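Atoms within a ligand are numbered from 1 in the order they appear, just like the ligands themselves. Predicted model only: the values in this text are computed from it and were never measured.
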Amino acid sequence: MAFKTLAALLTVVATLQVTSAALTKRVACPDGKNTATNAACCPLFALRDDLQKSLFNNGACNAEAHEALRLTFHDGIAISNKTGNHGGADGSIMIFDKIETAYHPNIGLDEVVASQKPIQARHPDVNPADFIQFAGALAVSNCPGAPQLPFFVGRKVATAAAPDGLVPEPFHSVERILDRFADAGPVGFEDVEVVWALSAHTIAAANDVDPTTPGTPFDSTPAIFDTQFFLETQLHGTTFTGSGKVKGEHKSAIKGEMRLASDHKLARHNRTACEWQSFVNNPQKLHDRFIDAWLKISLLGQDQDLLTDCTEVIPVPKTIDVQATFPPTLSNKNVEQACADTPFPTLASAPGPATSIPPIQR
Ligand code: HEM
Ligand SMILES: *[C@@H]1O[C@H](CO)[C@@H](O)[C@H](O)[C@H]1NC(C)=O
Ligand SMILES: *[C@@H]1O[C@H](CO)[C@@H](O)[C@H](O)[C@H]1NC(C)=O
């Protein structure tokens with residue numbers, strides 16, 4: 001394209017700017033403070049501020065933040081293609097909390113729902129189904145290194161409790177876990193997507209697997225969204241934290257750490273081991289694939305086309321620049337290589353003597 005004069009070119013540029021401004025026209029929210037691309041997102045600003053203040057200790061990746069992420073999964077995964085795809089991310093775990101938090105895999109979530117429910121009640125414009133997923137996406141944004149998770153609003157809510165038996169347990173076999181995920185929704189999850197979803201365990205701890213040691217983290221950096229979880233689960237296990245072997249637990253390589261038997265086996269099974277290893281020291285992949293897997297969980301049982309994208313309300317998490325490292329005194333020698341295709345990446349070991357990871361305080 002040739003422009004006869006500079007003025008003609010500037011006119012074209014101005015026209016393009018007007019067009020793009022029209023496309024991104026924002027609405028003023030009734031709160032008088034915020035604007036949004038869609039009015040449906042407006043109630044989320046006040047909810048965000050309330051959650052940060054009353055649950056997440058002013059924006060921390062704390063125990064409540066971890067629990068909020070766990071709750072997104074336990075609400076969402078409760079859907080089965082075999083029985084007609086009722087349920088999913090429909091808020092049933094909060095609406096029918098007396099029923100669902102009594103199910104064994106939901107142990108501990110009674111307290112989480114109890115702390116979230118009054119906050120939802122203060123924000124009745126955000127229904128329980130949206131509330132749970134929003135709280136989880138916001139929680140993750142408090143963890144340095146995390147991706148900004150996509151959040152959509154407008155879910156339809158549960159009219160019945162989900163049945164028991166749909167949430168995987170740490171003592172289940174790999175086959176049973178992969179079958180359960182494959183049956184979640186009309187599409188289901190492929191084996192690799194299950195690995196992607198388990199990135200969540202990089203910001204996680206167990207309170208009830210071994211109740212004698214609540215707050216036992218799954219990796220050495222439970223307040224950072226990094227790839228240490230995928231590395232540390234691949235190490236030869238040597239120690240139990242707490243009362244010794246309990247159901248669903250495998251020895252971990254670091255004192256103070258909890259290794260779920262399910263994570264241990266998924267890291268070593270030939271359907272999942274190579275995907276598991278591929279995350280070690282690959283934060284970009286961790287971001288991209290966790291966004292995919294979590295969005296899918298957060299939309300189970302819902303039609304995305306009927307929802308509104310409100311990702312703009314989720315803060316952009318702090319970035320970090322860290323290399324995955326072996327814990328002090330451990331090295332590539334301690335890796336239980338399971339992926340047959342590619343060697344485990346060569347990484348440095350953290351300096352100093354062996355340490356014990358402190359429990360997460362409530
Ligand atoms: C094979 C599938 C999974 C199994 C067997 C499993 C099992 C568990 C168990 C036993 C705990 C400890 C609960 C406690 O004692 O307090 C836990 C914690 C957690 N899980 Fe999973 N999980 C699975 C998948 C997922 C997925 C897909 C997500 C999220 C997308 C997730 C998020 C979390 C989080 C954030 C915690 C930490 C909660 C806290 O720190 O209090 N999990 N999981
Ligand atoms: C869901 O169920 C239908 C009908 O039984 C079946 O044809 C389809 O393959 C199932 N989808 C998955 C992911 O299992
Ligand atoms: C995994 O191993 C089992 C037996 O150990 C074998 O039957 C199966 O074909 C293997 N699967 C893959 C994907 O390599």
Side-chain angles (χ1 to χ4, degrees), residues 61-77 79-85 89 104-112 133 136-137 139-140 143 146 149 166-191 193-211 213-219 222-223 225 229 242 246-249 258-275 289-298 300 338-341 359-362:
C61 183
N62 61 358
E64 293 288 2
H66 302 168
E67 294 283 8
L69 177 58
R70 181 177 174 224
L71 192 65
T72 67
F73 174 56
H74 288 235
D75 195 36
I77 199 67
I79 182 170
S80 172
N81 191 50
K82 289 195 191 94
T83 54
N85 292 315
H104 187 267
N106 292 338
I107 189 164
L109 290 177
D110 53 340
E111 292 172 38
V112 184
Q133 301 302 325
V140 170
C143 304
L149 292 177
L166 297 178
V167 181
E169 294 263 32
F171 47 83
H172 288 169
S173 69
V174 168
E175 286 75 13
R176 181 168 176 186
I177 289 169
L178 296 178
D179 282 357
R180 177 74 276 280
F181 270 90
D183 169 58
V187 182
F189 290 75
E190 293 175 24
D191 296 353
E193 292 178 297
V194 177
V195 178
W196 305 352
L198 278 160
S199 304
H201 282 178
T202 179
I203 45 168
N207 295 309
D208 295 296
V209 175
D210 183 343
T213 51
T216 304
F218 292 169
D219 76 354
F225 205 95
F229 165 73
V246 294
K247 205 177 177 194
E249 183 184 16
M258 163 68 61
R259 185 183 300 176
L260 296 181
S262 48
D263 291 336
H264 178 85
K265 288 185 280 190
L266 284 159
R268 286 158 183 76
H269 197 280
N270 64 1
R271 286 171 65 181
T272 44
C274 287
E275 193 63 19
R289 297 290 81 81
F290 189 61
I291 287 173
D292 295 344
W294 185 82
L295 179 63
K296 201 162 160 177
I297 289 168
S298 78
L300 282 167
C339 173
D341 304 344
I360 295 177
Q361 307 295 330
R362 284 219 145 244

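The number of heavy atoms from other shown groups lying within 6.0 Å of CD (E111) does not exceed 12.
Between the NE2 atom of H269 and the CD atom of E275 there is a distance of 15.0 Å, given to the nearest 0.5 Å. L260 CG to F218 CZ: the interatomic distance, rounded to the nearest 0.5 Å, is 4.0 Å. Atom CG of D208 and atom CG of N106 lie 11.0 Å apart (nearest 0.5 Å). Between H66 atom NE2 and N207 atom CG the span is 11.0 Å, to the nearest 0.5 Å.
Listed by number with element, the atoms of ligand 2 under 4.0 Å from a non-hydrogen atom of A182 are 13 (C).
Ranking protein heavy atoms by distance to atom 13 (C) of ligand 2, first place goes to V187 O, 3.3 Å. Given atom 5 (O) of ligand 2, the protein heavy atom at minimum distance is N81 ND2, 4.8 Å.
Distance screen at 4.0 Å: atom 11 (N) of ligand 3 has a protein heavy-atom neighbour inside the cut-off. The presence of a protein heavy atom under 4.0 Å from atom 3 (C) of ligand 2 is confirmed. There is no protein heavy atom less than 4.0 angstrom from atom 7 (O) of ligand 3.
Ion pair R176/D179 not flagged as a salt bridge, since none of the NZ, NE, NH1 or NH2 atoms sits closer than 4.0 Å to an Asp/Glu carboxylate oxygen. Between E169 and R180 there is no salt bridge, since none of the side-chain N atoms of the basic residue sits less than 4.0 Å from a carboxylate O of the acidic one. The pair E193-K296 meets the salt-bridge criterion, with a side-chain N (NZ, NE, NH1 or NH2) lying under 4.0 Å from an Asp/Glu carboxylate O.
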Which N or O atoms of ligand 1 sit under 3.5 Å from a protein N or O, and how far apart is each pair?
{"residue": "ligand 1", "atom": "15 (O)", "partner": "N207", "partner atom": "N", "Å": "3.1"}
{"residue": "ligand 1", "atom": "15 (O)", "partner": "D208", "partner atom": "N", "Å": "2.8"}
{"residue": "ligand 1", "atom": "15 (O)", "partner": "V209", "partner atom": "N", "Å": "3.3"}
{"residue": "ligand 1", "atom": "16 (O)", "partner": "N207", "partner atom": "N", "Å": "2.8"}
{"residue": "ligand 1", "atom": "20 (N)", "partner": "H201", "partner atom": "NE2", "Å": "3.0"}
{"residue": "ligand 1", "atom": "22 (N)", "partner": "H201", "partner atom": "NE2", "Å": "3.0"}
{"residue": "ligand 1", "atom": "40 (O)", "partner": "A205", "partner atom": "N", "Å": "2.9"}
{"residue": "ligand 1", "atom": "40 (O)", "partner": "A205", "partner atom": "O", "Å": "3.1"}
{"residue": "ligand 1", "atom": "41 (O)", "partner": "E67", "partner atom": "OE1", "Å": "3.4"}
{"residue": "ligand 1", "atom": "41 (O)", "partner": "E67", "partner atom": "OE2", "Å": "2.7"}
{"residue": "ligand 1", "atom": "42 (N)", "partner": "H201", "partner atom": "NE2", "Å": "2.9"}
{"residue": "ligand 1", "atom": "43 (N)", "partner": "H201", "partner atom": "NE2", "Å": "3.1"}

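Taking only nitrogen or oxygen atoms, main chain and side chain alike, N270 reaches within less than 3.5 Å of ligand 3.
F73 and F181 have their aromatic ring centers within a separation under 6.0 angstrom.
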